[in-house]
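Scroll down for the structure; my scribbles are underneath it.
The sequence lines fix the lettering, A, B, ..., with proteins before strands; numbering per chain opens at 1.
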Number of protein chains: 2
Amino acid sequence: MTRTTPKLQPFSQECKDCPIRHRAVCARCEKDELGLLEQIKFYRSFEAGQTVVWAGDRMDFVASVVTGIATLSQTMEDGRRQMVGLLLPSDFAGRPGRETSAYDVTAATDLVMCCFRKKPFEKMMLSTPHIGQRLLEMTLDELDAAREWMLLLGRKTAREKIASLLCIIARRDAALQLRSSEGQLRFDLPLTREAMSEYLGLTLETVSRQMSALRREGLIVTEGKRQIIIPDFDALLEETGDDSDGGFLI
Amino acid sequence: MTRTTPKLQPFSQECKDCPIRHRAVCARCEKDELGLLEQIKFYRSFEAGQTVVWAGDRMDFVASVVTGIATLSQTMEDGRRQMVGLLLPSDFAGRPGRETSAYDVTAATDLVMCCFRKKPFEKMMLSTPHIGQRLLEMTLDELDAAREWMLLLGRKTAREKIASLLCIIARRDAALQLRSSEGQLRFDLPLTREAMSEYLGLTLETVSRQMSALRREGLIVTEGKRQIIIPDFDALLEETGDDSDGGFLI
DNA sequence: CATGTCGGTTGATCTGAATCAATGCGGTTG
DNA sequence: CAACCGCATTGATTCAGATCAACCGACATG
């Protein structure tokens, strides 16, 4: 497990009951030492694997990811799970005008979220139209992403699904991070095989097999369990089944 | 093909070159006899099967469905298609701040859309915050629907997919229409087997087979090709794999 | 009337991914 | 150190749905 201490803002307090440094509510022991749950805006930190809220649970705040990755998932009665959202830093969670979460929200990596109480946030939206506009834009982007995702789930082969996911993560990483020399990309895969399988609508065995296949064919190189190197991004892109013009981002 | 003449508003003009009655641009012969393409708001009608816009094409208006059903689809280079949106009366198409369509928009049935030129619409959004708020709400609803759809595509069996689709359509129909006696539902299936297969991420043969299976088991009754009767909605709901509490709408 | 087309159904066969099961491996813990 | 755990890999087998192909009925067309 990669224990990445949040770098954006050093936490000012350390909980007495657990070693997690945090600003407001400790996700491990649920202490609210500073009484920040009463405030409009507060931060919460979570360890990789922890659940932020369960589907159906009360969630009287909206939040945005500060560092780390959160996932939204749906679960069927018999346990089949499908990821339906992947939240990266600056992404938004929660819906104004709804008091329970529709999805399980989980920390895929260590996670820091910036939370706003919902009621004041809604008031703010009314008084500051700019916020609503920005939120609309973000929601439309998410809808587009969801529709791309639907194509992946409905029509792509396992191999294409894996290649697509790797390209998505690589692209995003490259967008805000250093890239390695001469077009070759290196990044940390922030998802377990199981999380990947939930994203892609596959079993984890199939994910593992297809990763091995891509490795065998030299399309990707792995270093340890999580470091991925893509020697030739365009070659991998070929395997996604997507129109090749999607590469404008990189 | 069901030729349903739009009932909401009788059209005031008939094109000289084709038998379609229409208000503005004739979808068949592309004539703009009334010069309404210059106006801010206008209506367009389409026959079942016609394409409204192709992915990538210029689309300098936003629109809402007046009568009929439109679909949004994505196509891969090799022809695999996945439906990513199903627009029913009052649903909205097009994205402010983008001048080309990201998807193929197709009339699944005969269709009438109410179109607004994009530029004036965007201005209106700025001056009338209420419009933006409403649009945000609708977009959030669509995002939720897309996520439900992702669960269907990623994790449901063919049988569950079919049952889900039938329940979705039946529910919507029942919401605004007459229902038959004693809890039994009857409605017109507005999609071809092929359209259903594009919705569900299946082949049309599998759709046909599963429909036959449900018919054989008495979960649905068909009358002609398109009339569907659901003798026991709850029984069909059992087959969807969904939590049973989703039935609150009916 | 014969012909064609379109949407739909059904059958035979194939195959990609699921399932079941064993094994590996790095890190933590008693 | 051995034992164990969580995560990942790999193999053998099964099966749901895709693919290929034939056929049906309604309706339009020359």
I need the full list of salt bridge (Lys or Arg N to Asp or Glu O under 4.0 Å) pairs touching residues 191-216 of chain B, with sequence neighbours left out, sorted by first then second residue.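 Qualifying pairs, neighbours excluded: B:R81-B:E198.
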From B:I162 atom CD1 to B:T206 atom OG1, the distance as rounded to the nearest 0.5 Å: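 Here the rounded value is 8.5 Å.
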Quick check for you: to the nearest 0.5 Å, what is the distance between B:T192 atom OG1 and B:K225 atom NZ?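 Result: 12.5 Å between the selected atoms.
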With a 3.5 Å distance limit and no angle check, can you tell me whether [X] reaches the backbone of [Y] through a side-chain donor-acceptor pair?
X      : Y      : value
A:K156 : A:G241 : no
A:D188 : A:P190 : no
A:S212 : A:S208 : yes
B:W149 : A:A146 : no

Just call it for [X]: base, sugar-phosphate, or nothing, with non-hydrogen atoms closer than 4.0 Å on any strand.
X      : value
A:R215 : sugar-phosphate
A:S212 : sugar-phosphate
A:T192 : sugar-phosphate

What I want to find out is whether B:E217 reaches B:R159 closely enough, with some N-O distance under 4.0 Å, to be called a salt bridge. yes
So does B:K161 pair up with B:E239, basic N to acidic O under 4.0 Å?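 No, B:K161 and B:E239 are not salt-bridged.
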Nearest whole angstrom, please: distance from the [atom2] of [N] to the [atom1] of [X].
X      : N      : atom1 : atom2 : value
B:L204 : D:dG17 : CG    : P     : 15 Å
A:I162 : D:dA8  : CD1   : P     : 12 Å
A:L191 : D:dC7  : CG    : C1'   : 14 Å
B:L152 : D:dG17 : CG    : C1'   : 15 Å

With sequence neighbours left out, write down each residue that passes side-chain contact (heavy atoms from CB on, under 4.5 Å) with A:L236, or none if nothing qualifies.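 Here the qualifying residues are A:A163, A:L166, A:C167, A:L214, A:L219, A:I220, A:I230.
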Would you kindly say whether A:Q74 and A:D104 are connected by a side-chain donor-acceptor distance under 3.5 Å? no
Can you pull every protein N or O that's under 3.5 Å from an N or O on nucleotides 18-20 of chain D?
residue, atom, partner, partner atom, Å
D:dA18, OP2, B:T203, N, 3.4
D:dA18, OP2, B:T203, OG1, 3.1
D:dA18, OP2, B:T206, OG1, 2.4
D:dT19, O4, B:R209, NH2, 2.8
D:dC20, N4, B:E205, OE2, 3.2

Atom of A:I229, atom of A:E223 and distance for their closest heavy-atom approach: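 Where A:I229 meets A:E223 most closely, the heavy atoms are CD1-OE2, 3.8 Å.
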Scan nucleotides 25-27 of chain D against the protein and return all N/O pairs shorter than 3.5 Å with their distances rounded to 0.1 Å.
none

Could you check whether B:Y103 and B:W54 have their ring centres less than 6.0 Å apart? no
With heavy atoms of chain B within less than 4.0 Å as the criterion, where does contact along DNA chain C begin and end?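 Span of nucleotides near chain B: C:dG8 to C:dA12.
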Once pairs are restricted to Watson-Crick or G-U wobble with both distances under 3.5 Å, how does DNA chain D read as a dot-bracket string, [ ] for crossings and | for other-strand pairs? ||||||||||||||||||||||||||||||
